[in-house]
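Atom set for the values below is all heavy atoms of this structure, side chains included, hydrogens, waters and symmetry mates excluded. Protein chains get the first letters and strands the later ones, always in sequence-line order, with residue 1 at the start of each.
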Amino acid sequence: MTILSTKDLKKVYGSGESEVRALDGVNLTVEKGEFIAIVGTSGSGKSTLLHMLGGLDRPTSGSVTVDGKEIFTLKDEELTIFRRRKIGFIFQSYNLVPVLNVYENILLPVQLDGGTPDRAYIEDIIDTLGLTSKLNNLSNNLSGGQQQRVAIARALASKPAIILADEPTGNLDSKTSQDVLSLLKVTGQKFSQTIVMITHNEAIAQLADRIIRIEDGRIA
Amino acid sequence: MLIGIKDIAKLFAISVVTCCAAFVCTLFLNYNIDIVGIKDEITTPQGMVMYDAQVATGKVVAGIAGGCLVATTIVLLIFYVKNYIDSHGKELGILKALGYSDLSVAKHFWVFGVSVFAGAVIGYAAAALYMPTFYDIQNNMELFPQMKPEFHVSLVLYIIAFPTVFFMLLAVLYAFFKIKSPVLGLLRETQNVKFKVSKSDKGDFPFLTDLKKSTLKSRKILVFFVGFSAFCFSAMTQMSMSMDELASEAMSFMIISIGLILAFMTLFMSLTSVVKSNTKTIAMMKVFGYSQRECSGSILGGYRPISYVGFVIGTAYQYLLLRIMVDVVFADFENMPEFHFNFEALAISAVTFLAAYEMILYCYSKKISGQSVKSIMLE
């Protein structure tokens, strides 16, 4: 079952001589439960693609469909709600809310909709990611690897249709990177999550089910 | 909670300004309401003239002090909210990326209004405590029948409740419009980078001159704040000293005290913001081999002319305001002292301003030069 697809996706910055084609007709399909790595050098367009997939930026032309919904037909407010319910994010710099503790950070996306958290499911995530003893810690008292594990738990908590990971190991050393990525893969499989990760690190990308290479805004 | 206690504690300045505004307004408006109540007991024509003069003075003092201080509070509050959003852009961006709507993020900013509430309550309470003494001074003049301070619920609403609600709404609304920018702009902390190169900018200036111009252009709000603080300093100190002849001794002392507190506080705050916003640039320049003098001159020196302009405008503003008060509001009253521009007050205010301005900047420059580049960059 296709959970995510793009059709002739283009993003152009500037015009005339200063025109930059960050994305130049990207067609992509991701099946439910897949773990995809998008690999490319700096400036290849991989971050732009991820931002489009997550509805954080609008394309110049083309479409993105997530869980059967063409997301750029939605108005800003509708897109915000859609993102809240269907898309989980893992950022390179963890981006946890520093005034909240680990548990509150994990529950954050669930509580956004005013829903009751699925305690058993969330405790399972916390246990799988080895965060049980850290639940009351403020996020900025944790190491980089621990913070990224909290970010993974946060992304999983709302049971989104897809999880988008933007260089999730970019700020971590190689050993911690491998640990975190292994946990991401394990939890993704355990909870049947679709994960799209961008990275410039080939070794990290090898852990994914499928690798997509992007060059000059096109899939190579 | 999105905004921590530490962030709210930084709003101390707003509480002080609000406290002063609430103190002055409570005192004079309460007296005015009470004096209206005894109007029928005043039988002599001379008494009625004094009554009209007292009511007009109360309204003018409350209006000017309240109005000026409310304007100062608005500027301070907007400055703080903007600073908070600028320095926490990434966190706010995450919340938006996670699916928080603009309004649901912005509504957390109501807590900025707590500082107004705290200041207003303290100011009101201080006025209530001082009121018996204030009434005794007025009673001793024997201009009117003896009065005792009465409690008026309407003043609690006008001085505490309404301003608190107004400033809470202002903080939420301003935050709402500020964070309406795209999520990516917030995440990359580039939402405020709007740099236009005009034709006049293309001139071939020396690097330090170019840097000075760019620093000022990239921080327009800070430039405004520096000018505004110089304006406040000039207006408050000179007005306080000039009112010496127009008001009673107790009132003059109170006005001068409040004026000086606010003048020094706004100036200190604006210069602290100037230094904090530019510390990293100065540290980088030191890495490139520029001397402390060149760093301070090109980065901090750019704000000096702005502050002078603010000071001049403040001087003109306070003179016009007092002129209007004497010529229009008190036009019909006899025995009003002649009002002239107070050159002595100008001289004292200018010297104090220059000394305070240079002293604060000198202390900060010393502090920066004592810090390592690494510690500055890690802040």
Discussion item. Less than 4.5 Å apart, side chain to side chain, heavy atoms only: is that true for A:His51 and B:Val183?
Written reply: no
Item to complete: Measure the shortest side-chain to side-chain distance between A:Leu108 and B:Tyr100 over non-hydrogen atoms and say whether it is less than 4.5 angstrom.
Response: yes
Worksheet item: Should the heavy atoms of other residues, nucleotides or ligands under 6.0 Å from NZ of A:Lys185 be counted, would the total exceed 12?
Response: yes
Discussion item. For A:Lys69, I'd like to know if atom NZ has over 12 heavy atoms of other residues, nucleotides or ligands within 6.0 Å.
Written reply: no
Worksheet, complete the sentence: Of all heavy-atom pairs linking B:Leu184 and A:Leu56, the shortest is CG-O, 3.9 Å
Worksheet item: Is the number of heavy atoms from other residues, nucleotides or ligands within 6.0 Å of CZ (B:Phe12) greater than 12?
Response: no
Worksheet item: For atom CD of A:Glu78, is the number of surrounding heavy atoms from other residues, nucleotides or ligands below 6.0 Å larger than 12?
Response: yes
Worksheet item: Highest number of heavy-atom pairs under 4.5 Å with chain A: which of B:Ser101, B:Ala97, B:Gly93?
Response: B:Ala97
Discussion item. For A:Asp216, I'd like to know if atom CG has over 12 heavy atoms of other residues, nucleotides or ligands within 6.0 Å.
Written reply: no
Worksheet item: Are side-chain heavy atoms of A:Arg154 and B:Ile94 found at a separation under 4.5 Å?
Response: yes
Worksheet item: Is the side chain of A:Arg85 donor-acceptor paired with the backbone N or O of B:Gly99 at a distance under 3.5 Å, no angle test?
Response: no
Worksheet entry | A:Phe91 portion near chain B, given a 4.5 angstrom heavy-atom threshold | side chain
Discussion item. Quick one, B:Lys96 and A:Thr80 - any side-chain contact, counting heavy atoms below 4.5 Å?
Written reply: no
Discussion item. More than 12 heavy atoms of other residues, nucleotides or ligands under 6.0 Å from OH of A:Tyr103: yes or no?
Written reply: yes
